[in-house]
J.: 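Quick one: the structure is below, questions incoming.
If you read the sequence from its start, that first residue is 1, and numbering goes on from there.
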Amino acid sequence: MSRRKPLWRLFFALMAMVLLATGCGSKTMNIFDPKGSAGEQQLDLVMLSVYIMLIVFVVVVSIYVFVLFRYRKRKGDDTPPKQIEGNTKIEILWTAIPVILLIILAIPTVATTFSLAKEPPKDDSIRVKVTAYQYWWMFEYPELGIRTSQELHIPVGKQVFLELEAKDVIHSFWVPNLGGKTDMIPGKTNTMTLDAKKPGVYEGRCAELCGAGHALMNFRVIAEEQQDFDKWVASIKNPKSQPVNAQAQEGQKIFSQNCMGCHAIEGAGMKVKGDKAPDLTGFGNRTMIAGYLPNDKESLVRWLRDPQSIKPGTKMPAYNHLDDQKMNALVEYLTNLK
């Protein structure tokens, strides 16, 4: 008895942890609440497989319970039950049923796979090249002539054809509310099509272990009405990248001395345009810093001072050599990039 009590306590503790874990997470990372066509089709497949498994479970349990009571041993009855070994009809039946169930699941699975892999018409879709790095994302719109980082803007109700590439190791593009995962392999271009039926901010993740900073390799998909998307495109094409005051002017000088070799800022009037790190054009309008921290001055100082403590493995160096005055000037310049 003394051994059983700890085991039962451990069992109930584990069950409690499982129940608590089911309440964790974000509403914008829920495959059971799809907001796009791809997510809806994939959820239909998931539910079909669940229904099939439930039917199999109910049938098997029902037969088990029936046999358990119908053929239980009774007092005074030592007659052995009828043996069915080698019964051809029964063997054909329990072989045919799984085959039929697999066919029922396979037909819509194959049809959905081909449907999702189909490239949408160019006239009625947007093309975006997505490039994954350790540990950030680049989004390029070749038809619009713009690019951005960490936040993918898309118009509501329009298909977005994504060309997925990786520059260093294997990554995986995943926006749970909009569709499933697609691997990103160096030297290979994979594709997928997404759309959003409602405006909103949808969380994205790298779903492939890609290094120390993998858990924080986050991005966002911002779905907007067409007019709002057009305004965002116009702001990227004609950004406000010049200093807004004397402090920001000093910050621009500090940026050119320390950051310009890696980061790019359109409209900043600088000769060198970096491409080794996230594009910072319109940085002040973004919702997050490094895909993880809220975009405010305090978080930006924290990131610049010690990025390794926030996202291990990032190639971003620490700027501890800047005193408070220079740091504040740099932050003032970056936060006013619109």
Side-chain angles (χ1 to χ4, degrees), residues 26 28-29 130-140 146-153 171 173-175 200-206 210-222 224 232 235-236 239-241 243-244 247-248 250-252 254-268 273-322 324-338:
S26 169
T28 59
M29 292 190 65
V130 182
T131 307
Y133 300 80
Q134 290 176 307
Y135 302 96
W136 59 281
W137 303 83
M138 175 73 79
F139 303 107
E140 299 176 84
I146 61 174
R147 71 176 185 174
T148 186
S149 303
Q150 302 299 93
E151 295 181 353
L152 172 63
H153 287 249
H171 299 277
F173 184 92
W174 185 33
V175 188
V201 178
Y202 304 102
E203 300 292 338
R205 296 289 186 269
C206 175
C210 56
H214 159 74
L216 300 178
M217 189 173 168
N218 307 337
F219 65 96
R220 284 181 167 178
V221 177
I222 300 177
E224 307 166 300
W232 174 80
S235 70
I236 296 297
K240 297 177 181 179
S241 300
V244 296
Q247 186 182 32
E250 180 186 357
Q252 184 186 41
I254 296 170
F255 180 89
S256 66
Q257 295 170 342
N258 294 271
C259 316
M260 192 172 58
C262 296
H263 292 280
I265 299 178
E266 293 288 346
K273 180 179 177 179
D275 57 1
K276 300 176 183 178
D279 191 306
L280 298 181
T281 305
F283 176 79
N285 288 328
R286 294 181 189 170
T287 61
M288 304 291 285
I289 298 172
Y292 174 65
L293 298 173
N295 193 357
D296 55 49
K297 291 185 177 182
E298 182 179 351
S299 298
L300 184 54
V301 171
R302 180 186 167 198
W303 169 256
L304 293 172
R305 289 289 188 199
D306 191 6
Q308 288 292 333
S309 67
I310 298 170
K311 187 178 287 189
T314 182
K315 296 180 174 63
M316 174 79 176
Y319 283 85
N320 291 323
H321 61 283
L322 299 179
D324 290 343
Q325 180 181 345
K326 291 182 178 179
M327 178 62 72
N328 291 334
L330 178 58
V331 168
E332 177 71 13
Y333 172 63
L334 292 174
T335 53
N336 282 284
L337 297 174
K338 304 292 185 178

J.: Go through it in stages, so that I can follow the logic: the residues are Arg205 and Met217, the test is side chain to side chain contact (heavy atoms under 4.5 Å, CB included), and I'd like the CA-CA distance, side-chain angles, deciding distance and then a yes or no.
T.: CA-CA 6 Å; Arg205 296 289 186 269; Met217 189 173 168; over 6 Å; no
J.: Quick one: which of Val301, Asn320, Leu300 gives a side-chain contact (heavy atoms from CB on, under 4.5 Å) with Met327?
T.: Val301
J.: Quick one, Phe219 and Val175 - any side-chain contact, counting heavy atoms below 4.5 Å?
T.: yes
J.: Decide yes or no for Glu332 and Glu250: does some side-chain heavy atom of the first lie under 4.5 Å from some side-chain heavy atom of the second?
T.: no
J.: Can you give me the closest heavy-atom contact between Asp296 and Ser299, atom names plus distance?
T.: OD1-N, 2.7 Å
J.: List the atom of Asp306, the atom of Ala318, and the distance in Å for their closest heavy-atom pair.
T.: CA-CB, 4.4 Å
J.: Determine yes or no for a side-chain-to-main-chain donor-acceptor pair under 3.5 angstrom, with Glu151 supplying the side chain and Thr287 the backbone.
T.: yes
J.: What's the verdict on side chain to side chain contact (heavy atoms under 4.5 Å, CB included) for Phe255 and Leu280, showing C-alpha distance, side-chain angles and the deciding distance?
T.: CA-CA 11 Å; Phe255 180 89; Leu280 298 181; 3.8 Å; yes
J.: Over all heavy atoms of both residues, which pair between Ser149 and Trp136 is shortest? Give the atoms and the distance, please.
T.: OG-CZ3, 4.0 Å
J.: Verify, without hydrogens or angle tests, whether Tyr135 (side chain) and Ala212 (backbone) share a donor-acceptor contact under 3.5 angstrom.
T.: yes
J.: Which heavy atom of Pro317 sits nearest a heavy atom of Pro307, and at what distance?
T.: O-CG, 3.6 Å
J.: Output the distance between atom CZ (Arg302) and atom CD1 (Ile310), rounded to the nearest 0.5 Å.
T.: 4.5 Å
J.: Tell me whether Gln308 contacts the main-chain N or O of Gly313 through its side chain, where contact means a donor paired with an acceptor under 3.5 Å.
T.: yes
J.: Compare all side-chain heavy atoms of Lys311 with those of Trp303 and state whether any distance is below 4.5 angstrom.
T.: yes
J.: Mind telling me whether Phe173 and Trp137 have parallel, tilted or perpendicular rings, with 30° and 60° as the class edges?
T.: perpendicular
J.: Kindly give the heavy-atom pair with the smallest separation between Ala264 and Asp279, and that separation in Å.
T.: O-OD1, 3.3 Å
J.: Once you measure the plane-to-plane angle for Tyr319 and His321, does it fall in the parallel (<30°), tilted (30-60°) or perpendicular (>60°) bin?
T.: tilted
J.: In Å, rounded to the nearest 0.5 Å, how long is the span from CD1 of Ile265 to CG of Leu334?
T.: 6.0 Å
J.: Rounded to the nearest 0.5 Å, what separation is found between the CG atom of Asn285 and the OG1 atom of Thr335?
T.: 11.0 Å
J.: Any chance you could lay out the side chain to side chain contact (heavy atoms under 4.5 Å, CB included) test for Trp232 and Thr148, step after step, and finish with the verdict?
T.: CA-CA 11 Å; Trp232 174 80; Thr148 186; 3.8 Å; yes
J.: CD/Gln252 to CG/Asn336 distance, rounded to the nearest 0.5 angstrom?
T.: 12.0 Å
J.: Is any side-chain heavy atom of Leu152 closer than 4.5 Å to a side-chain heavy atom of Val221?
T.: yes
J.: Find the distance between CG (Leu330) and CG (Asn258) and round it off to the nearest 0.5 Å.
T.: 7.5 Å
J.: Does CZ belonging to Arg286 count more than 12 external heavy atoms closer than 6.0 Å?
T.: yes
J.: Contact between Met288 and Gln150 at the side-chain level, heavy atoms closer than 4.5 Å - yes or no?
T.: no
J.: Decide side chain to side chain contact (heavy atoms under 4.5 Å, CB included) for Phe283 and Asn295; before the verdict, give the C-alpha distance in whole Å, the side-chain angles of both, and the deciding distance to 0.1 Å.
T.: CA-CA 9 Å; Phe283 176 79; Asn295 193 357; 3.8 Å; yes
J.: Just wondering, do Ile236 and Glu266 contact through their side chains at under 4.5 Å, heavy atoms?
T.: no
J.: Please round to the nearest 0.5 Å and tell me the distance separating atom SG of Cys206 and atom NE2 of His171.
T.: 6.0 Å
J.: Which heavy atom of His263 sits nearest a heavy atom of Ala277, and at what distance?
T.: CE1-CB, 3.4 Å
